[in-house]
Asker: 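Here's a structure for you.
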Amino acid sequence: RPFIMLVQMLTVMLAFDAPFPEAMTDLYHVMAGMSFGIEVISPQCIGVGSNFYSTFLVTLLSLAVIMLALMSLPIMSVVRKQHTFRSMLQSAEAAVAFRDMFVILLLFHPPISGVAMEFFRCREIGGDNYLMADYSLSCYDGTWFAFLAIDLLVLALFSFGTPFAIAYVLQARKATLYDEETGEPVPQPLDVLYAIYQPHAYYYEAVQMCFKLGLWSALVFFDHGSEMQLATALVINVLQLCVHLKIEPMGGEEAALLNLMQAATLVLTA
């Protein structure tokens with residue numbers, strides 16, 4: 001929600017040709033020199049490192065560093081004995097850190113999953129198999145099998161584990177997510193995962209993540225623009241539209257209509 005408010009503010013300022021605040025200009029100059037190589041457009045856009053393997057490791061390291069940075073204040077409070085570990089988990093600093101971690105996880109989930117899936121795309125050329133994401137690397141050699149264990153862990157624990165973990169945590173805390181009388185979401189760190197959905201669809205963010213994984217698999221496992229890629233994307237989008245119509249996760253008449261139009265547009269585009 002703060003990000004949406006920031007975008008709205010920038011849009012208004014651009015529309016009326018208003019000057020940017022000095023603080024935002026300074027922030028732009030600072031952030032312009034920083035890049036973690038993380039994109040949300042496509043897994044192919046992650047271009048850090050000398051080859052595919054180093055890119056994969058740098059991306060995972062970037063995620064780990066960001067997570068550690070977000071948890072630095074709560075961890076330091078435990079180190080300085082200002083909190084016990086249990087009280088730290090219930091502190092305001094930890095609540096903010098966990099909220100930010102959820103946002104980062106949602107941001108990193110699609111591109112990292114896409115890169116992990118690219119690991120299995122190989123093409124035979126002249127009797128040898130090469131990694132399609134980086135033709136300087138061979139498939140099924142010692143290096144490939146060494147990275148196979150890491151890739152399978154990422155797919156199991158991060159790509160598929162994250163949506164299931166989110167669904168499990170929300171299910172376990174189901175009684176505390178919404179106010180019983182008003183049906184409004186209860187403010188807490190987890191509200192970034194369920195606040196935009198109706199109480200009966202509190203788990204829908206996990207469903208959305210699974211559909212994104214499906215679309216990323218269509219992007220990765222099939223040749224770009226091929227009939228199978230487009231057909232797979234169309235089937236996934238149609239299934240997503242059907243699930244959306246069945247569950248009706250969004251609240252309010254306008255929100256429900258806009259999100260239905262969004263899902264239908266994806267089908268028509270495919």
Side-chain angles (χ1 to χ4, degrees), residues 1-5 40 63-64 66-71 73-75 85-114 116 153-217 236-237 239-260 262-263 266:
R1 282 175 292 182
F3 177 74
I4 294 175
M5 293 174 62
V40 295
L63 177 60
I66 292 175
M67 291 298 182
L68 183 61
L70 292 176
M71 287 298 297
L73 288 179
I75 292 175
F85 181 76
R86 177 172 296 182
S87 64
M88 179 272 288
L89 294 178
Q90 300 174 349
S91 65
E93 295 85 355
V96 174
F98 286 136
R99 181 200 62 199
D100 294 340
M101 287 176 64
F102 284 130
V103 174
I104 294 298
L105 277 177
L106 295 178
L107 175 67
F108 273 71
H109 188 262
I112 290 182
S113 300
L153 283 176
V154 171
L155 286 174
L157 300 180
F158 183 76
S159 300
F160 295 98
T162 299
F164 283 104
I166 288 176
Y168 175 80
V169 170
L170 292 180
Q171 170 64 28
R173 301 173 61 90
K174 180 180 178 180
T176 65
L177 301 182
Y178 296 89
D179 187 276
E180 295 183 358
E181 297 182 358
T182 63
E184 294 294 323
V186 177
Q188 56 179 300
L190 291 177
D191 61 8
V192 297
L193 301 174
Y194 67 86
I196 63 174
Y197 301 115
Q198 293 275 45
H200 70 273
Y202 62 92
Y203 56 85
Y204 201 73
E205 188 62 42
V207 176
Q208 291 278 65
M209 295 177 73
C210 291
F211 280 121
K212 290 178 182 178
L213 282 178
L215 290 174
W216 241 259
S217 66
I236 294 174
N237 282 322
L239 181 60
Q240 182 178 13
L241 177 60
C242 294
V243 171
H244 191 93
L245 289 171
K246 176 66 176 178
I247 299 179
E248 296 183 349
M250 308 305 295
E253 183 178 352
E254 294 82 2
L257 177 60
L258 287 173
N259 281 271
L260 176 60
Q262 178 188 28
L266 289 175

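FYI, side chains are in, hydrogens and waters are out, and symmetry mates aren't considered; it's all heavy atoms of this structure.
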Asker: Is it true that Tyr178 and Tyr194 have ring centroids separated by less than 6.0 Å?
Answerer: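 Ring centroids of Tyr178 and Tyr194 are less than 6.0 Å from each other.
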Asker: So how far is it from Cys210 SG to Phe160 CZ, rounded to the nearest 0.5 Å?
Answerer: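 Spacing of SG (Cys210) from CZ (Phe160) equals 8.0 Å.
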Asker: Within a strict 4.5 Å, meaning less than it, do heavy atoms of the Tyr204 and Val243 side chains meet?
Answerer: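 A side-chain contact under 4.5 Å exists here.
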Asker: At what distance, to the nearest 0.5 angstrom, does OG1 of Thr162 lie from CG of Leu213?
Answerer: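 CG of Leu213 is found 9.0 Å from OG1 of Thr162.
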Asker: Decide if the gap between the ring center of Tyr197 and the ring center of Tyr202 is smaller than 6.0 angstrom.
Answerer: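 That pair fails the under 6.0 Å test.
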Asker: Considering non-hydrogen atoms only, spot the tightest contact between Ile247 and Ala201 and give its length.
Answerer: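 The answer is CG2-CB, 3.8 Å.
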Asker: Hey, mind stepping through Gln262 and Asn259 against side chain to side chain contact (heavy atoms under 4.5 Å, CB included) and telling me if it holds?
Answerer: CA-CA 5 Å; Gln262 178 188 28; Asn259 281 271; 3.5 Å; yes
Asker: As an exercise, state the distance from CG of Asp100 to CE of Met67, rounded to the nearest 0.5 Å.
Answerer: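 Rounded to the nearest 0.5 Å, the CG-CE separation comes out at 10.0 Å.
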Asker: For the residue pair Val154 and Ala116, what are the closest heavy atoms and their distance?
Answerer: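 So the two residues come closest at CG1-CB, 4.2 Å.
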Asker: How are the rings of His109 and Phe158 set relative to one another: parallel (under 30°), tilted (30 to 60°) or perpendicular (over 60°)?
Answerer: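 Aromatic pair His109/Phe158 classed tilted.
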Asker: Kindly give the heavy-atom pair with the smallest separation between Leu193 and Glu205, and that separation in Å.
Answerer: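 Answer, listing the atom of Leu193 first, then Glu205: O-CB, 3.4 Å.
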Asker: Taking all non-hydrogen atoms of both residues into account, name the closest pair between Gln208 and Gln240 and its distance.
Answerer: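 The answer is OE1-NE2, 2.9 Å.
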Asker: Apply side chain to side chain contact (heavy atoms under 4.5 Å, CB included) to residues Ile166 and Tyr203 and explain how you reach the verdict.
Answerer: CA-CA 8 Å; Ile166 288 176; Tyr203 56 85; over 6 Å; no
Asker: CE of Met209 to CZ of Phe164: how many Å apart, nearest 0.5 Å?
Answerer: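 Atom-to-atom, Met209:CE and Phe164:CZ are 11.0 Å apart.
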Asker: Do Phe211 and Leu215 come within less than 4.5 Å of each other through their side chains, counting heavy atoms only?
Answerer: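 The answer is no, as the side chains (C-beta and beyond) never meet within the 4.5 Å cut-off.
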Asker: Distance from Met101 atom CE to Leu70 atom CG, nearest 0.5 Å?
Answerer: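 If we round to the nearest 0.5 Å, Met101:CE and Leu70:CG are 7.0 Å apart.
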Asker: With side chain to side chain contact (heavy atoms under 4.5 Å, CB included) as the criterion, how do Met250 and Leu257 come out once you've worked through the C-alpha distance, each side chain's angles and the decisive distance to 0.1 Å?
Answerer: CA-CA 9 Å; Met250 308 305 295; Leu257 177 60; over 6 Å; no
Asker: Looking at every non-hydrogen atom in both residues, tell me the closest pair between Asp191 and Val186 and how far apart they are.
Answerer: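 Between these two residues, the closest heavy atoms are CB-O, 4.1 Å.
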Asker: Verify side chain to side chain contact (heavy atoms under 4.5 Å, CB included) between Leu241 and Leu260, making sure each step is shown before the conclusion.
Answerer: CA-CA 8 Å; Leu241 177 60; Leu260 176 60; 3.7 Å; yes
Asker: Please report the C-alpha distance between Gln188 and Arg99 in whole Å, then the side-chain angles of each, then the deciding distance to 0.1 Å, and finally whether the side chain to side chain donor-acceptor pair (under 3.5 Å) criterion is met.
Answerer: CA-CA 8 Å; Gln188 56 179 300; Arg99 181 200 62 199; over 6 Å; no
Asker: Tell me the closest heavy-atom pair linking Asn237 and Leu266, and the distance in Å.
Answerer: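 Taking Asn237 first and Leu266 second, the nearest heavy atoms are ND2-O, 3.7 Å.
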